[in-house]
Every structure is written in C-alpha cells, then in structure tokens.
2 protein chains.
Amino acid sequence: MATRIPESEALLTPAEVATMFRVDPKTVTRWAKAGKLSAIRTLGGHRRYRESEVRALLAGIPHQRTGD
Amino acid sequence: MATRIPESEALLTPAEVATMFRVDPKTVTRWAKAGKLSAIRTLGGHRRYRESEVRALLAGIPHQRTGD
DNA sequence: CTCGACTGGGGTAATTTGGGGG
DNA sequence: CCTGTCCAAATTACCCCAGTCG
C-alpha cells in the first residue's frame with residue numbers, strides 16, 4: 001500500500017481539543033501546563049494532544065494510574 | 001485546521017443553559033446534581049451540558065424512561 | 001521565502017463552583 | 001419540594017504581541 005505509520009497516535013491541535021471540551025484553546029494549554037493533559041511539543045514549541053487521551057478525559061475518566 | 005474533529009457533541013455552558021430555561025446557572029447546576037441533566041466536567045471542574053440534551057428537555061420531553 | 005492562520009505567554013475581567021440561609 | 005441570592009475561591013475567557021505551522 002502506501003504510507004504505513006506504525007507507532008503514531010492521532011494528535012489533535014489545541015483548537016481541536018478546545019472545541020471538544022467547549023473551552024478556549026488557551027484553557028487547554030493551561031491543562032497541559034497543569035499536567036492534566038499529555039502534550040507533545042513540536043519542534044517549534046507548539047503542543048499537540050493525543051486523541052485517545054482527550055477522548056478518555058471526555059468520557060469522564062480521571063487520571064491514568066499504572067498500578068499503585 | 002486540517003484535522004477533522006471526531007465524534008464530538010455540541011456542549012453548552014451553564015450560562016447558556018440557564019438563559020435557555022430562563023433560570024439561574026445555579027439552578028441548572030442543581031438539575032445536574034439531581035441527575036436530571038447529563039453534565040460533562042472540564043478538567044477544571046466546570047460543567048458542560050449537551051446541546052441535544054438541553055434541546056430535548058426544552059422540547060417538552062420529560063425524563064428518559066427505561067421501559068414502561 | 002512569503003502568506004494566512006494558529007499557537008504560546010502574561011494579565012485582568014467574567015463566569016462557575018460549593019455551601020448556607022431565605 | 002423548588003428556586004434566587006449571599007459569600008469566597010477556583011477556573012475560564014479575552015486582550016496584546018511575536019513566533020511557528022503548513
């Protein structure tokens with residue numbers, strides 16, 4: 001076939017996440033700074049969020065715990 | 001943007017719902033706490049209400065029955 | 001390299017939250 | 001039983017600008 005991207009997760013822009021939560025993009029950035037959201041930084045410093053992460057948060061799932 | 005937003009439901013702020021019902025945002029919060037309204041919480045604790053849900057209630061639809 | 005649109009950072013006003021009492 | 005208002009604290013929204021994205 002063609003481009004088969006393996007270990008790449010669908011990333012969303014701040015505007016995307018902001019729309020899904022009905023908040024301002026700046027607010028999403030605030031969540032990332034607060035550590036409430038996993039943010040991947042581009043080479044320019046911009047943030048990109050994982051779709052799975054956002055959807056999980058929207059579903060009402062608190063924080064991901066890997067055992068305790 | 002280029003990315004397409006997945007399944008996202010239009011959400012309304014407490015002020016929006018309050019205006020639509022001609023009540024105070026505090027009252028809308030009570031409905032959410034009473035389970036009369038589906039509320040999605042932001043990562044900051046604020047509530048967001050589904051537009052479809054609110055519109056259905058405004059349309060005169062009572063509560064969701066689970067078989068009758 | 002240039003272009004339009006979006007993003008990041010800081011600061012301030014508005015909104016929302018929670019509980020108590022009318 | 002249901003609703004509107006009080007208080008203080010927390011969170012969110014919008015303003016500016018320059019840099020980055022595609």
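A quick note: this is a predicted structure, and the numbers were derived from the prediction, not measured. Each chain gets a letter, A, B and so on, in the order the sequences are listed, and its residues count up from 1.
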Hey, does the side chain of B:Trp31 come within less than 4.0 Å of D:dC2's phosphate (OP1/OP2), counting only N and O? no

Using a 3.5 Å limit on both distances, find every run of at least three consecutive Watson-Crick or G-U pairs that involves DNA chain C. C:3-19 with D:6-22

In terms of heavy-atom contacts, B:Arg47 and B:Pro14 come closest through O-CD, 3.3 Å

Here the pair of heavy atoms bringing A:Ala39 nearest to A:Tyr49 is CB-CE2, 3.7 Å

B:Thr27 side chain near D:dT3 phosphate (N/O to OP1/OP2, under 4.0 Å): no

How long is the gap from CG on A:Leu57 to OG on A:Ser38, to the nearest 0.5 Å? 8.5 Å

When the distance from CG of A:Leu11 to C1' of C:dT7 is rounded to whole Å, what number comes out? 15 Å

Worked check of side-chain contact (heavy atoms from CB on, under 4.5 Å) between B:Arg50 and B:Ile40: CA-CA 8 Å; B:Arg50 296 183 180 276; B:Ile40 298 180; 3.6 Å; yes

Heavy atoms only: give me the nearest A:Glu53-A:Leu37 pair and the separation to one decimal. CG-CD2, 3.7 Å

Just the rounded figure in Å: distance from C1' of D:dA10 to CZ of B:Arg41. 12 Å

Ignoring hydrogens and angles, write down the donor-acceptor pairs under 3.5 Å from the side chains of residues 16-32 of chain B, residues two or more places apart or on other chains.
residue	atom	partner	partner atom	Å
B:Thr19	OG1	B:Ala15	O	2.7
B:Thr29	OG1	B:Pro25	O	3.1

I'd like to compare against my own output: the B/S/- annotation of nucleotides 14-22 of chain D with a strict under-4.0 Å heavy-atom distance to protein. S----BBSS

CZ/A:Arg41 to NE2/A:His46 distance, rounded to the nearest 0.5 angstrom? 9.0 Å

How many Å lie between NZ on B:Lys36 and P on D:dC1, as a whole number? 11 Å

Would you kindly compare B:Glu16 and A:Arg47 by the position of their nearest DNA chain C nucleotide and give the one closer to the 5′ end? A:Arg47

State, with a plain yes or no, whether a side-chain heavy atom of A:Thr13 is found less than 4.5 Å away from one of A:Arg48. yes

Rounded interatomic separation in angstrom, taking NZ from B:Lys33 and P from D:dC1: 16 Å

